[in-house]
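Here is the structure we will look at.
It should be emphasised that the depicted structure is a prediction, and the values quoted were computed from it without experimental measurement. A, B, ... follow the sequence lines: proteins, then strands. Residue 1 opens every chain. Note that these values count all heavy atoms, side chains included, but never hydrogens, waters or copies made by symmetry.
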There are 4 protein chains.
Amino acid sequence: MHPSIEVGVLGATGMVGQHFVKFLAGHPWFKLTWVGASDRSAGKKYNEATSWRLGGTMPEGVANLTVEECKPGNAPKLVFSATDASVATEIEQTFAKAGHSVVSNSRNHRMEADVPLLVPEINPGHLQVLAAQKAKRGWSGQIVTNPNCSTIVLTMGLAPLKPFGIQRTIVTTLQAISGAGYPGVPSMDITANVVPYIGMEEEKMECETQKILGEFTNGSFHAHPMGVSAHCNRVPVIDGHTVTISVDLASDPSEADMIDAFNNYRSLPQERNLPSAPKQPVIYMTERDRPQPRRDVERENGMAVFTGRLRKCPVLDYKFIALGHNTVRGAAGAAVLNAELMYSEGLLG
Amino acid sequence: MHPSIEVGVLGATGMVGQHFVKFLAGHPWFKLTWVGASDRSAGKKYNEATSWRLGGTMPEGVANLTVEECKPGNAPKLVFSATDASVATEIEQTFAKAGHSVVSNSRNHRMEADVPLLVPEINPGHLQVLAAQKAKRGWSGQIVTNPNCSTIVLTMGLAPLKPFGIQRTIVTTLQAISGAGYPGVPSMDITANVVPYIGMEEEKMECETQKILGEFTNGSFHAHPMGVSAHCNRVPVIDGHTVTISVDLASDPSEADMIDAFNNYRSLPQERNLPSAPKQPVIYMTERDRPQPRRDVERENGMAVFTGRLRKCPVLDYKFIALGHNTVRGAAGAAVLNAELMYSEGLLG
Amino acid sequence: MHPSIEVGVLGATGMVGQHFVKFLAGHPWFKLTWVGASDRSAGKKYNEATSWRLGGTMPEGVANLTVEECKPGNAPKLVFSATDASVATEIEQTFAKAGHSVVSNSRNHRMEADVPLLVPEINPGHLQVLAAQKAKRGWSGQIVTNPNCSTIVLTMGLAPLKPFGIQRTIVTTLQAISGAGYPGVPSMDITANVVPYIGMEEEKMECETQKILGEFTNGSFHAHPMGVSAHCNRVPVIDGHTVTISVDLASDPSEADMIDAFNNYRSLPQERNLPSAPKQPVIYMTERDRPQPRRDVERENGMAVFTGRLRKCPVLDYKFIALGHNTVRGAAGAAVLNAELMYSEGLLG
Amino acid sequence: MHPSIEVGVLGATGMVGQHFVKFLAGHPWFKLTWVGASDRSAGKKYNEATSWRLGGTMPEGVANLTVEECKPGNAPKLVFSATDASVATEIEQTFAKAGHSVVSNSRNHRMEADVPLLVPEINPGHLQVLAAQKAKRGWSGQIVTNPNCSTIVLTMGLAPLKPFGIQRTIVTTLQAISGAGYPGVPSMDITANVVPYIGMEEEKMECETQKILGEFTNGSFHAHPMGVSAHCNRVPVIDGHTVTISVDLASDPSEADMIDAFNNYRSLPQERNLPSAPKQPVIYMTERDRPQPRRDVERENGMAVFTGRLRKCPVLDYKFIALGHNTVRGAAGAAVLNAELMYSEGLLG
């Protein structure tokens, strides 16, 4: 028996919103019945208000929904937020105050001391903070966030190594253009080029990683005591962020230990068989030139992270690469999996 | 008064050879009068034997040269080697034995204990080994090499920092497709993709860097005592290798010290005003999203290396990026500058 | 009740062969039990003999098949041919002689007077020639071919207009790199470039189109009496050939007539509900900038052809664009649909 | 003795304006002393007001110019207009009224009955209309325009064939992203894709071509009586529009006649040796897969048009391809050459 839960998407007409609409199509638990967007779109049918930018065509069920303003009103209790950072703070808080569970992909609340920055496989225990969040803020609803798209690839690649004692990591990203939304990166900037800068991305990766891999104990978050240094770059790839990772570990695992750790990594979402959870969340590829974004990113419905090329690092201990789907595992899929975990924890009322 | 020196190119019909032909067109000292290639091409006119793959058209002077076999015979005393690694060892040694100065872009002799791996700005003193090379091998000629195309970008980016005591560096490359020659990388592999592996490239970067930045003292090379860890990737860029660099330094320079070190770096090629030497070999760009391969790689005739985005590294001391033209500064131009330095040192007899 | 038919693939390890393997995975009628390739691969497991170049991973069932030589021996009665043109003539004829039905994607037999160049929606009646083929050649088996990948997009775009009397057409193709196989087009040739030439492609489009749209009457093929002029170009697109089409018609349909003709086009494969037949084989898109290869080519399992931008042509009568998946509808999927039609006609005996 | 003429650029900070700034750097006749832009930029130094998007760095002379509002005031008599179509009509007319010669790249006045749509090689006689323009409009200044970037490639490819009697042409363009300015085409739209639509481009090509190839007789323009049908597409190319052309001719030239016509085409700009005039304005390439945008577009300083692949067309008479640099020959360089012709005609007063 599946639950049947009505959900809404805030910011549904934008690029991230479209990814939510696409990812939710056919979801076994969540039924998209409500779409919110700016005043300009409100009142129109979704297919009139939206220039569909993704591959294929708009899912049928949503085309005829009437776009609402991003105000609680008649919205379902569970809403996914794809709102722009410039308005997300106010909109999300308004919904939480009005009793909604806001599962957000926006960056605004990620680093708040009472908001989970949730990756269901890594830190499901961080949901414990929600009681304090509601109490302190006087909300009947709640806000949960997922990480930045490059952070999630890095943290999923590192999480299996946590038992070995992660001490320091230096990473370089090669990030897909879809991470910048639409219109996003001008083609004159990125065609046959590399743009070695993404605004605020390195800062986000560095602090979000410490929070995600950290613990929630004694009523507060404790950042994982590790050094993180990120070099972030845009490359002409459609979907899929590749990250090169050098890592320093406290213990001295063998290469076989490391690969086993990747392949055997399982957590709550797998145990509970959550609908969007990949059966194997981290997949180590043995081909010497894989994973590759164009060839691997769509596997496992975009929800697994792929690692490869593990070898000794002459400066730190090991080096390897990780790849994940930035608009699925790094955005819409991440939020939906967060909501699935919350439901399975009894946190969606 | 310019010298006027006849030169040849070994492997002239291939992609690297074509880069030599293009770079030498109009050179004030060196006149290309001889082109060598495989038996299959020998006897044909250069323009009949060669499918010109570079932009624009073949330089006029060379089109009617008759392609020779790669045997000393009537070749000029100075030859540039663009031969394939599978045959370079024998061909280059045959020429050196026959009294030719072989200025090679091939990898075969780079790590030999009596062969300079020369970057004129960095280690002109390494040419001292040539006397021993000739004596030991019984050659009346000599072999000098230039580094791998990604190594030269890294070492030019690091060399200005040597006074600060380079101890360790972790780098990730985003390398252009032209680095793989022709036909090189299949478009099915690299279009809208990243290939996170380049055969033997990481090994080359790690060992060549130590040799280049090291000293030649007491009759032998002493590798620079530094850790080098490289992650090498192919990206869909035409020309220009980008390298992200984190570096650990013995001293504690300020950011201003670092930038001054980049911009004020000068060496023998600049002092002697060698024809292919960039006036400023390392140029620090202050725009937050530069250098970029497509926009910057052709500046300074492709012979400068561009750095940018200097900032503190949370794990090592500093991080920044470097960019250089892989087929010019990293191949044909490197070798030609090597020959210019050798001439200015009186080593071309 | 589905039939269950064992099938083989000739040339299974190459790029086209891999497309067959992928397309056949999970096919309701055809079970891939036999893979043939060159002597070099014979005797190995398929996954050892094959560098899998397509997205994702090799279908599980095929990985452990032992690669056979391309000789009839124990091969199933139905074989798909993905063999290279240099060997296809001999191999295919050997199989046909030995009683196999060879459903070929190779170009070798397409224009033979006794071989169907089959597009199931357009010319199912061309299968009538098989009786004569077998009789004349003394074969117990038979050979059926599908068109070149760009031809099929053009003919599927034109077929619905046949009732209006197609007299002349001038077309320009913008063809994907996957059409050239692997390694295929060097990235140095096509990155940020157009290559305005594809060997023999224009000739194939011009003659194949006339045969496909023509009739089989009185025991022989009669080419459709129309002028076809093709300009063929390679562009940096992964999958999907786009064709701009200007067409001269004998009658004077309205734009609405034309669009209805596209959208209402149905034929035998739809009537018989063949497993690989698209429900609507030609889909007219109304967005002014569609179809687009990257966004539309994967729809309908790659088996539909998309048209769009119908408008008056100031020189001929109408102009529009057509798009189809070159490695699915234009290759592996085309052949499999051919075999499905043959089965439904009782020709696989 | 060169003339020395001060010039200004209207809309100098935008992408097209930057192309003017770049093209004018080092011009032997024209010295850029004045730059105009929107109110927002006025008062700043050019290098502060401008995000330089082109390759390399901003030409030195212009960096310190103070940006002016686009009002006549102290502007030089000769101004190039790179203003946006939304404001070009008013700005250009204001300047013309105030006595300036406005040499415009904007589309606004191109099809006016008293404005030359000038291509110096093709229709220098169209400048005769200027007397009537000034008289009718009561201007002491004047406006001259150059064609749309794709039109100029087509017309330069067709002009040499005019003696054979051009009757009809069907063309398909493969247009570079730089033609759309900055930010222009989103990378999410064009990476590994084709966009088969460019707003108003087909209409412009069809009517501008007829005007350019037409005559100015008896005081008015007479469009060339030919049918033109254009299919316009955007492809992932940086610079250079490729056009496939099928053409119907009144006479019956041989292929050799056609190729001679291309290569021997010369006109006023060549006779007068105007500084920006290519020595050979149309260059027929004999390689079977050329011209190609990435490899050929920068030749001849971007001012020549390249043709190739001439062959019989099965529907019209001949087919071939043409390639030209859209931001040079198709924009900034076109306007500068127009001004050079005007000076040589004594029209810059």
Which bit of D/I177 is near chain A, if near means a heavy-atom gap under 4.5 Å: side chain, backbone, both or neither? both
Hey, what donor-acceptor pairs show up under 3.5 Å between chain A and chain D?
| residue | atom | partner | partner atom | Å |
| --- | --- | --- | --- | --- |
| A/Y182 | OH | D/D189 | OD1 | 3.3 |
| A/Y182 | OH | D/D189 | OD2 | 2.6 |
| A/V185 | O | D/S187 | N | 2.9 |
| A/V185 | O | D/S187 | OG | 2.6 |
| A/S187 | N | D/V185 | O | 2.9 |
| A/S187 | OG | D/V185 | O | 2.7 |
| A/D189 | OD1 | D/Y182 | OH | 3.3 |
| A/D189 | OD2 | D/Y182 | OH | 2.6 |

About how many Å separate CG of D/L54 and CE of A/M188, when rounded to the nearest 0.5 Å? 7.5 Å
Taking all heavy atoms of D/P186 and all of A/P183, pick out the closest pair and write down the distance. CB-O, 3.4 Å
